[in-house]
J.: 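Okay, handing you the structure first.
Any value given below was found using the heavy atoms of this structure, including those in side chains, with hydrogens, waters and symmetry copies removed. Residue numbers begin at 1 in each chain, while the letters A, B, ... track the order of the sequences.
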Amino acid sequence: GDSVTQMEGPVTLSEEAFLTINCTYTATGYPSLFWYVQYPGEGLQLLLKATKADDKGSNKGFEATYRKETTSFHLEKGSVQVSDSAVYFCALSMRWGGSEKLVFGKGTKLTVNP
Amino acid sequence: KAGVTQTPRYLIKTRGQQVTLSCSPISGHRSVSWYQQTPGQGLQFLFEYFSETQRNKGNFPGRFSGRQFSNSRSEMNVSTLELGDSALYLCASSQGTSADTQYFGPGTRLTVL
């Protein structure tokens, strides 16, 4: 079945460091791909998305490119801040029985130290 | 626009009881999906409602049920609670069309003692 694999954390970085969180997927067809972020005690917030191959999603300095050839959607940010500390989830949206269902990776916890 | 709201935010129940959680979607959204988040299993899809009809259901026992009202608000019910039902329950709303984005609420934290 469809699945998402993302790098296990936790990831600890210093402020202004470069961030990469790897995400690969297995899917039949052409899913949409998402990154969601979850801050402590909160629900999920959509960070960015891409709906077709070679699309680049970006938001708040984060970027990810939909790579069909490598089935990947890696999250990057050039300079992280303490406020970026959160859990990041990669997800794909699959068409299932007439509706869309999100399939999530396990999540990667990021801690950014000042 | 107001975001997705969920009530209550926290709930403590004992084994064998039943519980009802509520979700109000973003205005204009007709689809509501429910997910269970646990440390061991991560985020798992429970079911999705669209225009008061369940369109899809995940791999959960029949103790988990839901419904949607004509104003798109949705409720989720869990009967005969087990310790393993302790989780964060998230609902997400969308317009319900293909490749639409789902927007999540803050979740209800259920603890079963």
J.: If I measure from the heavy atoms of chain A, does Arg9(B) come under 4.5 Å with its side chain, its backbone, both, or neither?
T.: side chain
J.: For residues Tyr103(B) and Met76(B): do they belong to one hydrophobic cluster (side chain heavy atoms under 4.5 Å, members Ile, Leu, Val, Met, Phe, Trp, Tyr)?
T.: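 Tyr103(B) and Met76(B): separate clusters.
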J.: To the nearest 0.5 angstrom, please state how far the CG atom of Leu43(B) sits from the OH atom of Tyr36(A).
T.: 10.5 Å
J.: So what's closer than 4.5 Å to chain A heavy atoms on Gln41(B): side chain, backbone, both or neither?
T.: backbone
J.: Roughly how far, to the nearest 0.5 Å, is the NZ atom of Lys101(A) from the CG atom of Asn56(B)?
T.: 7.5 Å
J.: Are Trp34(B) and Leu110(B) joined in one hydrophobic group, where the rule is that I, L, V, M, F, W and Y side chains link up if heavy atoms are under 4.5 Å apart?
T.: yes
J.: Within the 4.5 Å heavy-atom criterion, are Gln37(B) and Phe89(A) side-chain neighbours or not?
T.: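 Touching, per the 4.5 Å side-chain cut-off.
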J.: Between Val112(B) and Leu46(B), is there shared hydrophobic-cluster membership here, with clusters defined by ILVMFWY side-chain heavy atoms closer than 4.5 Å?
T.: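 The answer is yes; both residues are in one hydrophobic cluster.
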J.: Same hydrophobic cluster for Leu81(B) and Leu88(B), using side-chain heavy-atom links shorter than 4.5 Å among ILVMFWY?
T.: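 No, no single cluster joins them.
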J.: Please check if the side chain of Tyr35(B) supplies one atom and the backbone of Leu102(A) the other of a donor-acceptor pair under 3.5 Å.
T.: yes
J.: Of all heavy-atom pairs between Lys49(A) and Thr101(B), which one has the smallest distance, and what is that distance?
T.: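 So the two residues come closest at NZ-OG1, 2.5 Å.
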J.: Should we count CZ of Phe64(B) as having more than 12 external heavy atoms under 6.0 Å?
T.: yes
J.: Quick one: do Tyr89(B) and Phe60(B) end up in the same hydrophobic cluster if we chain Ile, Leu, Val, Met, Phe, Trp and Tyr together by side-chain heavy atoms under 4.5 Å apart?
T.: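 Same cluster.
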J.: Nearest 0.5 Å please: distance from the CZ atom of Phe104(B) over to the CD atom of Gln38(A).
T.: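 Rounded to the nearest 0.5 Å, the CZ-CD separation comes to 9.5 Å.
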